[in-house]
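Notes to accompany the following structure.
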Number of protein chains: 2
Amino acid sequence: MARTINERADVVPLIAEVFREFGYEGASLSRITEKTGLGKGSLYHFFPGGKEEMATAVLADVDQWFERFVYEPLRQDDPASAVAGMWAAVDGYFRSGGRVCLVGAFALDGTRDMFSDAIDGYFRRWIEALRDALVRHGRGDKAATMDAEEAVFGIQGALVLARALRDPSLFGRALKRLQLRLGV
Amino acid sequence: MARTINERADVVPLIAEVFREFGYEGASLSRITEKTGLGKGSLYHFFPGGKEEMATAVLADVDQWFERFVYEPLRQDDPASAVAGMWAAVDGYFRSGGRVCLVGAFALDGTRDMFSDAIDGYFRRWIEALRDALVRHGRGDKAATMDAEEAVFGIQGALVLARALRDPSLFGRALKRLQLRLGV
DNA sequence: CCGAATTTGTACCAGTCGGTACAAATTATA
DNA sequence: TATAATTTGTACCGACTGGTACAAATTCGG
């Protein structure tokens with residue numbers, strides 16, 4: 001019938017927003033069609049696997065972003081500037097606390113079992129990349145692991161709390177605090 | 001038809017488990033029926049307001065538990081022992097990372113808007129009670145607030161990460177770390 | 001400009017959702 | 001034991017769920 005300018009890649013971030021806002025179960029196809037402007041025909045053309053494939057695509061998209069702007073720099077760049085870049089990237093990505101972590105949200109309920117590999121990989125590689133940078137910066141192996149874990153779960157908790165209290169500014173405060181703790 | 005030993009109060013924790021496991025949207029009445037062994041008739045007898053009233057009751061139950069075993073001691077008991085008691089209570093309540101925070105889970109998706117007062121109050125009173133204890137212990141006002149915030153969002157983030165990585169032991173490590181940070 | 005491939009809207013499906021109605025069964029009161 | 005109040009199972013409701021089928025519209029290759 002019609003050809004719009006939408007490619008699959010253009011739609012993924014829109015679908016991501018719906019998942020972020022309502023969770024996997026709450027993200028109904030009707031809400032997704034509403035947000036994307038695509039009918040079921042187009043949606044199932046792009047994602048023959050339906051809702052599950054949409055979520056997989058969204059998770060892959062998120063993963064790709066972090067891989068490129070966070071993990072890879074942590075592994076390759078100068079440790080100090082890579083870590084500094086991480087805090088900036090994270091603050092930007094989560095809109096200074098106004099946005100929630102989709103992977104963290106999926107992890108909390110039964111959705112996790114559907115996407116456990118993607119969810120596990122996202123956090124594991126984040127922690128490993130950060131630990132790697134800390135070690136290269138001179139921190140001991142054990143301490144670096146703990147520090148990396150603390151930074152990552154600190155970010156997740158700050159997102160939860162900022163949203164629960166409807167106080168995005170808490171996220172910025174928390175990032176500052178975590179940054180100081182890391183001492184890099 | 002039948003009279004079982006179930007009182008409303010006995011059913012609430014069971015319903016809580018369903019919400020914890022599947023989230024608000026994913027907790028269907030059929031799952032709740034299955035878990036509790038109660039038919040719709042009984043369920044709507046106890047909770048005329050339906051699913052929403054069940055969630056309200058569950059949140060009130062959680063709140064009551066924390067008020068009694070965490071907030072109240074923090075406000076009234078000797079600061080050092082109350083804070084120590086908090087870590088023990090939290091570790092026990094969340095089953096050393098094997099259990100998720102229902103309030104945190106609700107906070108992350110669209111469910112928050114339905115129960116924002118309960119969610120907001122749970123975290124706000126927790127932080128305030130902890131700050132209060134820290135101040136009585138000699139910490140300055142500003143620093144105590146930051147410390148309290150960090151402890152609470154640290155716990156939340158540790159729960160997210162422990163579940164995401166399927167590694168409950170991470171929660172214990174995190175609690176230890178947060179406890180040291182607090183220095184009480 | 002024509003035919004093939006792609007893209008899309010719409011109607012429809014069975015299943016499940018939360019919720020209601022109500023009679024039957026059980027318990028409590030006397 | 002008779003009766004009133006409580007508790008419960010079940011059938012049913014309209015709405016919505018994710019998903020399928022398919023023909024019409026559009027775009028693209030020649």
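Computed from a predicted structure; not experimentally measured.
- The CG atom of A:L38 sits 19 Å away from the P atom of D:dA25 (whole-angstrom rounding).
- When each of B:G39 and A:K51 is assigned the nucleotide of DNA chain D bearing its nearest heavy atom, the one mapping closer to the 5' terminus is B:G39.
- The distance from atom CG of A:L43 to atom C1' of C:dG9 is 13 Å, rounded to the nearest whole Å.
- A:E72 and A:R75 are joined by a salt bridge, as a carboxylate oxygen and a charged side-chain nitrogen come within less than 4.0 angstrom of each other.
- The base of C:dG19 sits with one of its N or O atoms less than 3.5 Å from a complementary donor or acceptor on the side chain of B:K40.
- Salt-bridge annotation for A:D113 and B:R166: present, with a side-chain N of the basic residue lying under 4.0 Å from a carboxylate O of the acidic one.
- The side-chain contact (heavy atoms from CB on, under 4.5 Å) test with A:V58 is passed by exactly one of A:L14, A:V18, A:V12, A:D63: A:V12.
- Whole-Å rounding puts the B:R31 CZ to C:dC17 C1' distance at 12 Å.
- Distance from the side chain of A:S28 is smallest for D:dT17 among the nucleotides D:dT20, C:dG18, D:dT17.
- Under 4.0 angstrom from either OP1 or OP2 of D:dC16 there lies no side-chain N or O belonging to A:S30.
- Remark: C1' of D:dG19 and CD of A:E53 are 13 Å apart, rounded to the nearest angstrom.
- Contact annotation: A:H45 side-chain N/O to C:dT7 OP1/OP2 distance is under 4.0 Å.
- Between A:Y24 atom OH and D:dT17 atom C1' there is a gap of 12 Å when expressed in whole angstrom units.
- Here B:I119 contributes atom CD1 and B:L108 contributes atom CG; the two are 9.5 Å apart, rounded to the nearest 0.5 Å.
- If you take CD1 of A:I32 and P of D:dG19, they are 10 Å apart, rounded to a whole angstrom.
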For residues 144-159 of chain B, which side-chain N or O atoms pair as donor and acceptor with protein atoms under 3.5 Å away, sequence neighbours left out?
residue: B:T145; atom: OG1; partner: B:D141; partner atom: O; Å: 3.1
residue: B:D147; atom: OD1; partner: A:R177; partner atom: NH1; Å: 3.2
residue: B:D147; atom: OD1; partner: A:R177; partner atom: NH2; Å: 3.2
residue: B:D147; atom: OD2; partner: B:R139; partner atom: NE; Å: 2.5
residue: B:D147; atom: OD2; partner: B:R139; partner atom: NH2; Å: 3.1
residue: B:E149; atom: OE1; partner: A:R173; partner atom: NE; Å: 3.2
residue: B:E149; atom: OE1; partner: A:R173; partner atom: NH2; Å: 3.3
residue: B:E149; atom: OE2; partner: A:R173; partner atom: NH2; Å: 2.6
residue: B:E150; atom: OE1; partner: A:R177; partner atom: NH1; Å: 2.3
residue: B:E150; atom: OE1; partner: A:R181; partner atom: NH2; Å: 3.0
residue: B:E150; atom: OE2; partner: A:R181; partner atom: NE; Å: 2.9

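- As a whole-Å value, the separation of B:F46 CZ from D:dT6 P is 13 Å.
- Checking A:G26 against A:G41, the closest nucleotide of DNA chain D that is more toward the 5' end is the one next to A:G26.
- Between the CZ atom of A:R8 and the P atom of C:dT8 there is a distance of 14 Å, rounded to whole Å.
- The side chain of A:Y44 has D:dT20 as its nearest neighbour among C:dT20, D:dG9, D:dT20.
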